[in-house]
Protein chains: 2
Amino acid sequence: MKEKFLNQTNPNVSVDCVIFGFDGVELKVLLVQRDLQDNLEIQDDTLVLPGDLIRDNEDLDEAASRVLTGLTGIRSVFLEQIGAFGNPNRLSKGKDRTWLEAVRLKPDARVITVGYFALINIKNYKIKPAGFAKHVVWHDYKVVEELGFDHNEILDAAIRILRNKLYREPVGFKLLPRKFSLHHLYCLYNEIMDAEIDRRNFRRRMLKTGFLKETDEFQEGVPHKPARLYTFVKKEFENVSRKNFKFY
Amino acid sequence: MKEKFLNQTNPNVSVDCVIFGFDGVELKVLLVQRDLQDNLEIQDDTLVLPGDLIRDNEDLDEAASRVLTGLTGIRSVFLEQIGAFGNPNRLSKGKDRTWLEAVRLKPDARVITVGYFALINIKNYKIKPAGFAKHVVWHDYKVVEELGFDHNEILDAAIRILRNKLYREPVGFKLLPRKFSLHHLYCLYNEIMDAEIDRRNFRRRMLKTGFLKETDEFQEGVPHKPARLYTFVKKEFENVSRKNFKFY
DNA sequence: CCAAAAGTGTTGATGCTACACCCATGA
DNA sequence: TCATGGGTGTAGCATCAACACTTTTGG
């Protein structure tokens with residue numbers, strides 16, 4: 001069952017998505033276990049980032065969107081390019097070659113991949129395993145081991161960019177439900193950065209940004225004083241670099 | 001005279017380099033005027049970024065290096081990826097198509113390009129116009145008009161990244177001679193950022209970083225007190241993001 | 001009443017801005 | 001001696017880190 005749309009597919013360029021989620025405690029990455037389709041006699045439980053070759057009529061961003069939507073059903077989401085990865089040997093590990101030969105029309109073609117990273121609210125979306133990847137897992141970021149191809153490298157680049165972004169731009173909200181407590185946000189920062197931030201200073205600084213609007217709602221069913229819930233509101237954000245803004 | 005090495009060249013992936021220089025007053029970009037080689041009857045004075053299709057055995061970084069070296073003779077230099085540009089219509093402007101048909105083996109192939117940006121010391125190197133580009137110009141960044149393909153977009157991305165880098169990392173030095181005065185560095189920052197920085201505070205902050213080592217040399221032949229020259233020394237630079245370092 | 005987390009204030013240290021002034025050199 | 005830029009110092013303000021304490025809920 002090789003690729004349909006063969007004439008519409010560019011054999012030399014692919015996209016791969018690092019999709020981050022946060023379950024309240026741990027940072028998660030969406031990984032797929034690639035399968036060998038027809039060749040059921042071969043075992044391959046290698047985990048990889050979701051990705052695909054691009055089609056001739058689509059932009060890179062669109063290709064990444066397509067992969068993401070196919071996997072999760074999500075349409076509009078925070079999705080940003082990481083960069084291109086083009087090591088000539090990036091497909092030459094043994095297991096990777098086996099897989100390529102089983103699945104690709106031109107298994108020997110050199111492929112440059114463009115990495116993307118996405119931030120999604122893990123609770124809102126149910127993963128729907130689609131097409132080429134039967135098994136989809138939210139995997140704890142901290143215990144990711146060896147992935148297929150050069151995907152560890154892509155993941156490393158993604159986390160670096162995520163930390164930087166979290167530090168300077170209001171993006172953490174994308175990983176949370178629409179309404180969230182400051183404690184929730186605080187946990188997220190503490191988990192993703194590996195810093196121990198002062199709880200009280202964090203709260204003050206966040207509120208000062210003007211990006212948070214308080215709602216009239218509170219936590220429910222907690223065995224302590226329920227926290228107020230906030231929403232994120234976009235505010236003018238001119239000259240990040242000029243103002244040297246920071247978020248923790 | 002179409003491409004040699006046809007079987008070694010990947011028709012779908014190219015690199016393009018934004019090469020910055022600083023002449024003491026203005027920020028410059030290295031542009032090439034593409035020519036039509038055999039088709040001398042057609043006029044085309046469009047300026048483009050230097051670039052080329054990648055070869056099958058080379059990494060993206062290597063391809064960018066090759067372009068840079070071919071043009072300037074420089075080997076080791078600050079060269080960093082900007083990202084991939086893959087709009088399906090990026091090659092479809094009229095003049096661009098004419099050029100592609102004259103020069104490329106597969107003029108209709110879709111090409112994704114990977115942008116790079118380089119910082120070089122403009123004075124140390126003489127441009128040697130090589131092969132495919134007869135005319136090479138140091139062009140004032142501020143007055144760049146419409147370039148070929150999507151190269152304005154790539155240039156925009158590059159300047160954005162340059163400003164950010166300059167703000168947070170010690171890279172300005174790469175644009176200057178090995179020994180330079182603080183005034184020289186100050187002019188560079190003032191020009192590239194569009195800020196009016198306080199001269200005295202700038203000096204203090206720069207010196208405090210520990211990246212500058214004073215030499216025993218001074219400016220010569222200036223009609224005022226000659227300034228001391230400094231060199232850049234690498235120092236440990238751990239946790240930029242943690243320390244919220246800034247350079248002006 | 002207790003545990004557990006929400007939420008508010010304060011203080012001292014640091015760093016930065018916005019200045020004014022003197023110095024050395026060539027013409 | 002003048003013009004030009006080099007080089008140093010400082011006072012006040014803003015910001016941030018490191019703290020302790022009170023409040024509100026469920027059990």
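The chains referred to below are lettered A, B, ... by the order of the sequence lines, with proteins before strands, and numbering in each begins at 1.
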**Q.** Between D:dT10 (P) and B:Asp198 (CG): distance, integer Å
**A.** 17 Å
(Q) So, OP1 or OP2 of C:dC16: does either fall under 4.0 Å of a side-chain N or O from B:Lys208? (A) yes
Q | Length of the CD-C1' vector between B:Glu214 and D:dG7, whole Å | A | 12 Å
Q) What integer distance in Å separates A:Phe218:CZ from C:dG7:C1'? A) 11 Å
Q.
I'd like to know if B:Arg200 and B:Asp198 make a salt bridge, using a cut-off of under 4.0 Å between side-chain N and carboxylate O.
A. yes
**Q.** Steps toward side chain to side chain contact (heavy atoms under 4.5 Å, CB included) verdict (A:Asp44, A:Arg34)
**A.** CA-CA 7 Å; A:Asp44 185 4; A:Arg34 70 184 173 201; 2.8 Å; yes
Q: Check the side chains of B:Thr113 and B:Ser14 for a donor-acceptor pair under 3.5 angstrom, ignoring hydrogens and angles.
A: yes
Q. What's the CZ-P distance between A:Phe202 and D:dC16, to the nearest Å?
A. 14 Å
**Q.** Rounded distance (Å) that lies between atom C1' of D:dC21 and atom CZ of A:Arg199
**A.** 11 Å
Q: Could you tell me the separation between the CG atom of B:Leu207 and the P atom of C:dC16, rounded to a whole number of Å?
A: 14 Å
Q: Hey, which sits more toward the 5' end of DNA chain C by its nearest nucleotide, A:Asn201 or A:His224?
A: A:His224
Q: Would you mind checking if B:Arg90 and B:Glu153 are paired as a salt bridge, meaning a charged N to carboxylate O distance below 4.0 Å?
A: no
Q: Among the candidates D:dG5, C:dA20, C:dG9, find the nucleotide nearest to the side-chain atoms of A:Arg200.
A: C:dG9
Q: For A:Tyr230 and C:dA6, give me the distance from atom OH to atom P, rounded to whole Å.
A: 11 Å
Q. Should B:Arg203 be listed as having a side-chain N or O under 4.0 Å from OP1 or OP2 of D:dG7?
A. yes
Q. Over how many whole Å does the gap from A:Ile197 atom CD1 to D:dA17 atom P extend?
A. 10 Å
Q) Within a strict 4.5 Å, meaning less than it, do heavy atoms of the B:Leu68 and B:Thr72 side chains meet? A) yes
Q: Ignoring the backbone of A:His183, work out which of D:dG6, C:dA6, D:dC19 is nearest its side chain.
A: C:dA6
Q) Out of D:dG6, C:dA6, D:dA17, which has the shortest distance to the side chain of A:Arg205? A) D:dA17
Q: Counting heavy atoms from C-beta on, name the nucleotide in D:dG5, C:dG7, C:dG9 closest to the side chain of A:Arg204.
A: C:dG9
Q: Indicate, with a heavy-atom threshold strictly under 4.0 Å, whether B:Arg228 touches base, sugar-phosphate, or nothing.
A: sugar-phosphate
(Q) I want to verify a distance call: between C:dA18, C:dA6, D:dG7, whose nearest atom is closest to the B:Ala227 side chain? (A) D:dG7
